[in-house]
Amino acid sequence: MRRRNLSPSSPRPWTKLCPSPSSRRSKARLDTRGSIANKEESIMPELPEVETVRRILNSSILNDTFQNVEVLSPKQLDASARDLTSRLPGATIVGTDRRGKFLILRLAGERSLVFHLRMEGKLFVLAPQEPLTAHPRFIFHLASGRRLVFDDTRRFGKVWLYDSLATPCTDDLGPEANRLDPQYVARLLERENRPLKEVLLDQTKIAGIGNIYANEICFACRLSPFIPADKIIDIPRAAADIANQSRRILDLSITKNGSTVKTYRASAHVSGDFQNFLQVYGREGEPCHLCHAIIMKRALAGRGTSFCPNCQHVPLVIGVTGGIATGKSTICHFLEKDGFQYLNMDRMAKEAYDNPGLRTDLKAIDPQVFDSEKGLNKDYLRKRLTDDQRFRRRWLTRLYSFLRDEVNETLNHLYNTPVVIEAPLLFQAKLDSFCRLKILAETDQQLAHLKARGDKDPERSLRFGATNDPQSYRDRCDFRIDTSGPLSELEGKVNKVLDSLKSLSGGLDHD
DNA sequence: ATGTTTGCCTGTTCGC
DNA sequence: TGCGAACAGGCAAACA
């Protein structure tokens, strides 16, 4: 019933979004030819990746000279580089630098060519015979006959060209993430009320940390990514941890990439080994290496945020599901008494229809569902939901997506409060991925409960409120609680569930 | 003025 | 099978 051992078959929310570590590993091993990008493999250039590229370029194209440039994607040129094609030819590369995630080629005559690889940008040095990469955006022809190719599938990357050693595009960056001063970090945390992870990602405060390493650093410091920085209990200690762990993780990652890159010879195709060392990023649904709790994932500031709820002291989230009148809310009320924040999805769904943004989206699906100005045409909606599967799917997809965002936001703000979510359709609405614990309420007293509530047509309500897949709900919940007995007994059952979680993995933090 | 949201981009995957 | 939607995410720009 309870998944103490995490089998590979346990549900793995979000895994679809990023390749599993094992698949990435095998891809990296396979690609030993050196020069052509493996399109199934994507590297997110953060500080260590950019540093690795810099080192490769430094050892391969130093003293080479730009001859001409093919600009295939002019939009990616900064204003300073608009006339790149006329200004760059003849310039010799005399050095390389890196500032945060910016890569700087120093040119003879105190000039600077700057790259930002953003999401998927890559720099390749291609031998004369080598075929072009898949998504070339700039091709720099060199005097040696080689080409420096800026390949960038999504065209997020950017290029600057300055006739100076100064590079204004890097002026606003904070100190390098792998050389942080603990006192600086402490002062930073003290005056930031944003969630910790947002602060780590802010390049003007600390330069070089991207999403992967922000998650990893939070984990290594055993700090919640969601906690407002100024609410951290022991700031001096946390600051020291952040400074130390940032240096350790980033420098380690640099060495890992360096070692792998050798097998790629002259190419600047970076495919590091560090993904094998990641503790939380891309590991959602898998057990924590330290405590075996399941690594979870939510969105924070629009970015995927993976964390160990146990190691990182993220408050417990319990999902309570079950059919109509099975005693879900009774369970929730017990937990509410214990200090849990209670989120009722039925209520949130009703309130959701007042949201203008959601309303606009839903009107686009079928405007008739909303009466002229104000209300929801409930009878019409019910009819459409039962009659038209395509409508039903689109409508519910949008509604559930809205609710997921709402729940996600609420959880992010409740950085020190445990939460119980009552959701009859916990799995359909994909709210289960927020829940460390999922409880199914069951009873054979549904009809009696409905009658006691004064339901005029309990049989009909029972039919309408039935889950279409009760067995999967049983399978996917961690606990089933029979609510048929007396209230005192039920409270005991709920407490037993909480107790067993405490013994599972080092206890809960909200007590 | 500040903090928050959106747009840029394309490829992949998922589920109905 | 096809199709819509979600998601990856750093940063600038637009927005309140």
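Chain letters run A, B, ... following the sequence lines, proteins first and then strands; every chain starts at 1.
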Ranking dG4(C), dT10(B), dA12(C) by distance to the side chain of R118(A), first place goes to dA12(C)
Starting at CZ of F115(A) and ending at C1' of dC11(C), how long is that distance when rounded to a whole Å?
18 Å
Which part of the nucleic acid, if any, lies within contact of R390(A), taking any heavy atom under 4.0 Å across all strands shown: a base, the sugar-phosphate backbone alone, or nothing?
nothing
Round to the nearest Å and state the distance from K158(A) atom NZ to dG7(B) atom C1'.
13 Å
Separation of dG15(B) P from R398(A) CZ (nearest whole Å)
19 Å
Side-chain N or O of R155(A) less than 4.0 angstrom from OP1 or OP2 on dT10(B)?
yes
Are F140(A) and F150(A) an aromatic pair, judged by ring center distance below 6.0 Å?
no
CG of L396(A) versus P of dA6(C): gap in Å, rounded?
13 Å
Write down the distance between CZ (R298(A)) and P (dC7(C)), rounded to a whole number of angstrom.
15 Å
Side-chain N,O (Q203(A)) to OP1/OP2 (dC11(C)) below 4.0 Å
yes
Give me the one residue out of K158(A), H135(A), R118(A), Q76(A) that meets side chain to side chain donor-acceptor pair (under 3.5 Å) with D152(A).
Q76(A)
Grab the CG-P distance between L72(A) and dT10(B) for me, whole Å please.
14 Å
Return the value, rounded to whole Å, for the distance between atom CD of Q428(A) and atom C1' of dC14(B).
16 Å
Quick check on salt bridge (charged side-chain N to carboxylate O under 4.0 Å, His left out): which of K383(A), R384(A), R392(A) does D366(A) satisfy it with?
R384(A)
Given DNA chain B, 5'-ward residue of the pair Q389(A) and R194(A), judged by closest heavy atom:
R194(A)
With the threshold set at 4.0 Å, does a side-chain nitrogen-carboxylate oxygen contact exist between D361(A) and R398(A)?
yes
Can you tell me which residue among L105(A), V53(A), V50(A) is in a side chain to side chain contact (heavy atoms under 4.5 Å, CB included) with F115(A)?
L105(A)
Checking contacts here: which listed nucleotide (dG10(C), dG11(B), dA8(C)) is nearest the side-chain heavy atoms of R154(A)?
dA8(C)
Mind checking if K101(A) touches a base, just sugar-phosphate, or nothing, with heavy atoms under 4.0 Å?
sugar-phosphate
Using the closest heavy atom to pick a nucleotide of DNA chain B for each, name whichever of R137(A) or R393(A) lands nearer the 5' end.
R137(A)
Rounded to whole Å, how long is the line connecting atom OH of Y400(A) with atom C1' of dC16(B)?
13 Å
According to a strict under-4.0 Å criterion, is K75(A) in side-chain N/O contact with OP1 or OP2 of dA12(C)?
no
Do any side-chain nitrogens or oxygens of R303(A) fall under 4.0 Å of OP1 or OP2 in dG10(C)?
yes
Does H116(A) make a side-chain N or O approach to OP1 or OP2 of dC11(C) shorter than 4.0 Å?
yes
Using a cut-off of strictly less than 4.0 Å, decide whether T397(A) has a side-chain nitrogen or oxygen near OP1 or OP2 of dG15(B).
no
